[in-house]
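Heads up: the structure comes next, in structure tokens.
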Amino acid sequence: MLPQLFENDRNYLLGDPELEIIGDREKLAQWRHKMKGPAFYRLGRKIIYRGSDLNDWVAANRVDPSKNA
């Protein structure tokens, strides 16, 4: 099982360097526009990601090549 990449009880703001592991600022903006990617909150002009939502999204996007053989 993959260890938690993000702290579950932490909120990550757009621009936090930890978010670079899943995509740069532009990629995250594209996903939000297309309603893809991890869940997020929009508070005014601020974008906030919950650590638990990020970990859930990472787990849901896991690819196991051995199961596709």
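A donor-acceptor contact shorter than 3.5 Å is absent between the side chain of Asp16 and the backbone of Leu19.
Annotation: the span from Lys36 atom NZ to Lys27 atom NZ amounts to 9.0 Å, rounded to 0.5 Å. Atom CD in Glu18 sits 8.0 Å away from atom CD in Glu7 (nearest 0.5 Å). The CG atom of Leu13 lies 11.0 Å from the OH atom of Tyr49; values are rounded to the nearest 0.5 Å. Expressed to the nearest 0.5 Å, how far CZ of Arg10 lies from CD1 of Ile48 amounts to 12.0 Å.
Taking 4.5 Å as the limit, every side-chain heavy atom of Phe40 sits out of range of all side-chain heavy atoms of Leu28.
The aromatic rings of Tyr12 and Phe6 sit perpendicular to each other, their planes meeting at more than 60°, with 30° as the lower class boundary.
Taking every heavy atom of both residues into account, Pro38 and Trp31 meet most closely at CD-CE3, 4.0 Å. The two residues Asn8 and Ser52 have their closest heavy-atom pair at OD1-CA, 3.1 Å.
Around atom CD1 of Ile21, no more than 12 heavy atoms belonging to other residues, nucleotides or ligands sit under 6.0 Å away.
Hydrophobic clustering, with ILVMFWY side chains joined whenever heavy atoms are under 4.5 angstrom apart, groups Leu14 together with Leu5.
Residues passing the side-chain hydrogen bond (donor to acceptor under 3.5 Å, both in side chains) test with Asp53: none are found, sequence neighbours excluded.
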